[in-house]
Amino acid sequence: MRYKIHMRLVDAHEAFFAARRPRKDSPHTTDAYRRDLAGITALLVEEIGGEAEMLLVEDLTAQSLRTAFGAFADTHAKSSVLRAWSTWNQFLTFCVADGLLPGNPIGAVARPRTPPLSPKPLRGEDTPERLLRAAAHGERKARDPWPERDVLVIALGLLAGLRSAEMRTLTVNSLVGRSGEMRLHVHGKGSRDRSIPVEPSMEKVIDAYLASCRSRFPQQRFGRGAPLLRDRSGEAIGRGALEYLVKSCYRWAGLHDRVPVGASLHALRHTFATRLAEDGATASEIMALLGHASLATSQNYIEATGREQRAAVASNRTYRALEDVETPPSASTPS
């Protein structure tokens, strides 16, 4: 078989993205792939020499990739190395399938082990309730207080388990159905759509927020396709503004010390999933409500709560014998 090994690497990158177009990757996913390809390519240039535009596909040898990934690992976290390895594995698999390489050299590059999911819910049994109350009472001090929006954002995390990107892509049209039977349609990660039941109390929160929008921005039209969450100027809220909103809600509620390190808005989603598991939801139910791609991911929440382990211990028939055992009074106890 004849391989087109003289193709420039930058051209192969563009061919890879063209081939992925039918997958309908989100802009966020595509940007992440481009960063991973560009990051390793820059290190390949340092190893091989020359310019990135002149690098050829045939330069992607096991030795050059090992060196580049080694340098990348020196300055990046394990999760970043794992993600870059996965991106390059997909790209190189494409190169093989398209006749650009005779084989995939990524197998010669060591890959970090996938870290197990460790749920990071908010600490404290009453923390979700306290956070909602603080937001509803307007305890978050801001230049332009907007408690209706604060409550909705916190509720979308705690009671619907939405990710940041999912919140930002919600529209007024995402809420469908008649009162008492409404559902929230969510466009999730990996283009996996899901539908989440909405209780009447959440309906009231959404209605109050929409009323506040009409009051704040009387000149704007809020059609069914308009973004649901807005910033202070009435535009669709950005990622940074949403993260800041949640962090400041923690701080003004006096709960910032109950937020796990490395989690902020995502801690709300983990709290939602953990409470589902604690209250008896199955892994398949959690998978459907959170939009997980793998049942194993959902199972981790159940294992983290220890519900199944407790049930297994409780089924030990020796416990029945313990119930019949009468402990004699202590010798030091007065008769």
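Position 1 is the first residue of the sequence; numbering continues from there.
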- Determine, step by step, whether Tyr33 and Thr29 satisfy the side-chain contact (heavy atoms from CB on, under 4.5 Å) criterion, reporting the C-alpha distance in whole Å, the side-chain angles of both residues, the deciding distance to 0.1 Å, and the verdict. CA-CA 6 Å; Tyr33 280 13; Thr29 297; 4.1 Å; yes

- Query: Honestly, is Arg216 close enough over Trp146, meaning NZ or CZ under 6.0 Å from the six-membered ring centre and within 45° of the axis?
  - Reply: yes

message: Under 4.0 Å between a side-chain nitrogen and a carboxylate oxygen: does that hold for Arg258 and Asp126?
response: yes

Should we count CD of Glu14 as having more than 12 external heavy atoms under 6.0 Å? yes

Any chain of hydrophobic side-chain contacts (each under 4.5 Å) joining Val10 to Leu56? no

So Arg269 and Leu162, side-chain contact (heavy atoms from CB on, under 4.5 Å) or not? Walk me through it. CA-CA 6 Å; Arg269 173 177 166 85; Leu162 268 59; over 6 Å; no

| task | List the steps and the verdict of side-chain hydrogen bond (donor to acceptor under 3.5 Å, both in side chains) for Ser64 and Thr67. | result | CA-CA 5 Å; Ser64 64; Thr67 302; over 6 Å; no

Taken in chain and number order and not counting sequence neighbours, the residues that satisfy salt bridge (charged side-chain N to carboxylate O under 4.0 Å, His left out) with Asp11 are Arg8

From the list Arg239, Arg194, Lys189, Arg192, salt bridge (Lys or Arg N to Asp or Glu O under 4.0 Å) partner of Glu166 resolves to Arg194

On a heavy-atom basis, the closest approach of Trp88 and Leu60 is CZ3-CD2, 4.0 Å

The side chain to side chain donor-acceptor pair (under 3.5 Å) partners of Ser86 (sequence neighbours excluded) come to none

Could you go through the side-chain contact (heavy atoms from CB on, under 4.5 Å) check for Leu37 and Thr87 one step at a time?
CA-CA 7 Å; Leu37 291 174; Thr87 298; 4.0 Å; yes

Applying salt bridge (charged side-chain N to carboxylate O under 4.0 Å, His left out) to Arg20 and not counting sequence neighbours gives Asp25

side-chain contact (heavy atoms from CB on, under 4.5 Å) with Met182: of Val176, Leu175, Ile206, Ile196, only one passes, and it is Leu175

Practice task
Determine whether more than 12 heavy atoms belonging to other residues, nucleotides or ligands lie under 6.0 Å from atom CZ of Arg123.
Solution key: yes

Looking only at heavy atoms, the pair that brings His185 and Ser195 closest together is CE1-OG, 3.6 Å

Salt bridge check: are Glu243 and Arg163 linked by an N-O gap of less than 4.0 Å? no

- [ ] Establish, for the pair Arg111 and Trp85, whether the NZ or CZ atom is under 6.0 angstrom from the six-membered ring centre and no further than 45 degrees off its axis.
- [x] yes

So CG of Asp150 and NE2 of His137: to nearest 0.5 Å the spacing works out to 13.0 Å

So, does Ser298 use its side chain to make a donor-acceptor pair with the main chain of Met287 at under 3.5 Å? yes

By side chain to side chain donor-acceptor pair (under 3.5 Å), Gln219 pairs with (sequence neighbours left out) none

Sorted by chain and residue number, the side chain to side chain contact (heavy atoms under 4.5 Å, CB included) partners of Ala71 (sequence neighbours excluded) come out as Leu43

The side chain to side chain donor-acceptor pair (under 3.5 Å) partners of Glu203 (sequence neighbours excluded) come to Ser179

Nearest heavy-atom contact between Leu100 and Ala12 is CD1-CB, 4.2 Å

Worksheet item: Same cluster or not: are Val109 and Val45 linked, directly or through other Ile, Leu, Val, Met, Phe, Trp or Tyr residues, by side-chain heavy atoms under 4.5 angstrom apart?
Response: yes

For Arg178, the salt bridge (charged side-chain N to carboxylate O under 4.0 Å, His left out) test, sequence neighbours excluded, returns Glu181

Sorted by chain and residue number, the salt bridge (charged side-chain N to carboxylate O under 4.0 Å, His left out) partners of Asp74 (sequence neighbours excluded) come out as none

message = I'd like to know if Leu9 and Val96 are part of one continuous hydrophobic network [Ile/Leu/Val/Met/Phe/Trp/Tyr, side-chain heavy atoms within less than 4.5 Å].
response = yes

| request: Give a yes or no on this: more than 12 heavy atoms of other residues, nucleotides or ligands lie within 6.0 Å of atom CZ of Phe217. | output: yes

Residues at least two apart in sequence or cross-chain that pass side chain to side chain donor-acceptor pair (under 3.5 Å) with Ser164, listed by chain then number, are Arg168

Do other residues, nucleotides or ligands put more than 12 heavy atoms under 6.0 Å from the CD atom of Glu285?
-> yes

All heavy atoms of Leu65 vs all of Leu44, minimum pair found to be N-CD2, 4.2 Å

The side chain to side chain contact (heavy atoms under 4.5 Å, CB included) partners of Ala19 (sequence neighbours excluded) come to Phe94

Working note: Leu290 + Leu276, criterion side-chain contact (heavy atoms from CB on, under 4.5 Å); need CA distance, chi angles, decisive distance, verdict. CA-CA 11 Å; Leu290 271 80; Leu276 285 176; 4.1 Å; yes

| message | Strictly distance-based, threshold 3.5 Å: is any side-chain N or O of Ser248 a donor or acceptor partner for the main-chain N or O of Tyr244? | response | yes

Residue set satisfying ring pair (Phe, Tyr, Trp, His ring centres under 6.0 Å) with Tyr250, at least two apart, ordered chain then number -> none

Next on the checklist: Donor-acceptor check, side chain of Ser212 to backbone of Tyr209, threshold 3.5 angstrom: yes or no?
Outcome noted: yes

Taken in chain and number order and not counting sequence neighbours, the residues that satisfy side chain to side chain contact (heavy atoms under 4.5 Å, CB included) with Ala77 are Ser79, Ser80

Quiz item: Strictly by modelled atom types, are Ser233 and Asp231 linked by a side-chain donor-acceptor pair under 3.5 Å?
Solution: yes

- Among side-chain atoms of Arg214 and Gln220, is any donor-acceptor pair under 3.5 angstrom? no

> Is Ile154 linked to Leu210 within one hydrophobic cluster, defined over Ile, Leu, Val, Met, Phe, Trp and Tyr using a side-chain heavy-atom separation of less than 4.5 Å?
Replying inline: yes

Closest non-hydrogen contact found for Pro128 with Thr271 is CG-CG2, 3.8 Å

Donor-acceptor pair, His270 side chain versus Lys120 backbone, under 3.5 Å?
-> yes

